[in-house]
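Here is the structure we will look at.
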There are 2 protein chains.
Amino acid sequence: MQNSFTEENYLKIIHALSGRDGGEVSTNALAESTATRAASVTDMLRKLAEKGLINYKKYQGVTLTEQGEKVAIKVIRKHRLWEVFLVEKLGFGWDEVHDIAEELEHIPSEVLVEKLDTFLGHPKFDPHGDPIPDAKGNLTEPDYKVLTDVQIGEKVRMMGVLDHAPSFLQHLDRSGIKLGSIIQVKEINEYDKSASVQIDGGESLFISLEVSKNLLVQRR
Amino acid sequence: MQNSFTEENYLKIIHALSGRDGGEVSTNALAESTATRAASVTDMLRKLAEKGLINYKKYQGVTLTEQGEKVAIKVIRKHRLWEVFLVEKLGFGWDEVHDIAEELEHIPSEVLVEKLDTFLGHPKFDPHGDPIPDAKGNLTEPDYKVLTDVQIGEKVRMMGVLDHAPSFLQHLDRSGIKLGSIIQVKEINEYDKSASVQIDGGESLFISLEVSKNLLVQRR
DNA sequence: TAAAAAATTTAGACTAGGCTAAATTTTTTT
DNA sequence: AAAAAAATTTAGCCTAGTCTAAATTTTTTA
């Protein structure tokens, strides 16, 4: 049996919200992420539970079943592959692709996904640095750290973002920060935790705590 | 105001069924093409008429308004561009792409279509030889003729198909007939109108009337 | 040209997804 | 450990798109 566009979205969002530990997701959190009301979420949860895609007991929050997890990961794989296509092949900016990929991710066809993957050269990461699940559904989240956890003087490599909002990505563009950039933390302002950093050995700039919190980096 | 997936499909089908003359399309014809019942078609026609996309008077059949025509042609443009992508870039066969393009054609985003068009090198025809409308919505149907109208001895170039069914396209594959092939009509059997033809100066083969009727060709 | 057949529309109902308001359960505060 | 607050579910309703059965209009045929 096929899952609808809407069902796939719920599963994807439950996956995202339950984090690496696979913890329970609340009705209200889902209502916010799906931009619907809690009552509507409850209805959908009953339905997904009936299909065996989630574990749901009234008032207890939900987790994905193994089957639901599978579906969610397939959707994520498609989303991220399409993002690579849009950026690498069509020339979109990394700040422009989310909404379009949100549509493309629901196009059904296993063979389409695999041919797209081959065409793109089996990329391992999407344009935001997020890992792309393989065809078997294995998704290994690399354990990057957030820039706020980097010591003064340390040099790290920018590997991804936590916030995917266009405005944030555009801000990074204007700051010259992109995937792969080497970031050296020069100084941290005690008062507001803003940081002075040097990008790719070039000029220094200040970045706010808000920005630091959304940058994923890796020690080199 | 945005048109739904379903509305776009109706407009596309009305366009296809009203032919080059833009003649009226009947409720029953639409019911058959949309795989729904006549009563459902009537409901949708009322709705499309209200939106100013079709000219509809009860019991009279429908035609597209200028606005409806525009929408239909945009959908056709997207469909055909995606087909080119699927065949040229992803390596699908021409018999495999229809259903997938049927989904992709409804992905909204003007800029996506234009970037796709550029990526593909502004193709003028899709993998079945159908013309691709330009970005302004100009669609010029080349006036090919059907193979049944070709005289014995004539050499023509295969330019397109009328039937897009996978089984028909696969039959052509097995016969070695593809877009651009040179077809010379050697003989026509009076009894069943089957023809003996030579493909690209190679070996001769018989093709049934059914096949001839669905091959679009051009005098050279 | 009237009767029969075919095509089309209307009426009433259903499913997916969503909403508001009210009821219920869980959690947090005194 | 009550009372208050927050979260969640239930009840009843709505829209898009579809369906069946019945009614109506158009077309065909005798």
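Chain naming here is simple, since letters A, B, ... match the order of the sequence lines and numbering starts at 1 in each. Worth saying up front: this structure is predicted, and the values here are computed from it rather than measured.
- At whole-Å resolution of the value, NZ in B:K51 and C1' in D:dA16 are 11 Å apart.
- Note: A:F119 and B:F85 have perpendicular aromatic rings, judged against thresholds of 30 and 60 degrees for the angle between ring planes.
- One interatomic measurement links the two molecules: CG of A:N28 to C1' of C:dT27, which rounds to 13 Å at whole-angstrom precision.
- In this structure, A:T42 reaches the bases: a heavy-atom distance under 4.0 Å links it to at least one base atom across the strands shown.
- Applying the salt bridge (Lys or Arg N to Asp or Glu O under 4.0 Å) definition to pairs two or more places apart or across chains, those involving residues 5-22 of chain A are A:E7-A:K47, A:E7-A:K51, A:K12-A:E102, A:K12-A:E105.
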Evaluate the criterion side-chain contact (heavy atoms from CB on, under 4.5 Å) for residue pair A:E24 and A:V62; output intermediate values, then yes/no. CA-CA 5 Å; A:E24 283 81 20; A:V62 292; over 6 Å; no

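- Protein atom CD of A:E50 is 10 Å distant from nucleotide atom P of C:dA16, rounded to whole Å.
- If you look at A:Y10 and A:F5, their ring centroids are not closer than 6.0 Å.
- No side-chain donor-acceptor contact under 3.5 Å links A:T65 and A:N55.
- As rounded to whole Å, 16 Å separates atom C1' of D:dA16 from atom CD of B:Q2.
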Taking only nitrogen or oxygen atoms into account, show me every contact under 3.5 Å that the protein makes with nucleotides 18-23 of chain C, one pair per line with its distance.
{"residue": "C:dC19", "atom": "OP2", "partner": "A:R37", "partner atom": "N", "Å": "2.8"}
{"residue": "C:dC19", "atom": "OP2", "partner": "A:S40", "partner atom": "OG", "Å": "2.6"}

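- Atom CD in B:E8 sits roughly 15 Å away from atom C1' in D:dA16 (whole-Å rounding).
- Side chain to side chain, A:S26 and A:N28 fail the donor-acceptor criterion of an N or O pair below 3.5 Å.
- Nearer the 5' end of DNA chain C, as judged by each residue's closest nucleotide, is the contact made by B:K57, out of B:K57 and A:E7.
- Taking atom CZ on B:R46 and atom C1' on D:dA16, their separation rounds to 12 Å, with Å as the unit.
- If you measure from atom CD of B:E24 to atom P of C:dA7, you get 17 Å, rounded to the nearest angstrom.
- Close to C:dT9, at under 4.0 Å from its OP1 or OP2, lies a side-chain N or O of B:Y56.
- The NZ atom of A:K58 sits 9 Å away from the P atom of C:dT26 (whole-angstrom rounding).
- For the 3.5 Å distance criterion, the side chains of A:D126 and A:W82 fail to qualify, holding no donor opposite an acceptor.
- Within the structure, a side-chain polar atom (N or O) of B:T27 is placed less than 4.0 Å from OP1 or OP2 of C:dT9.
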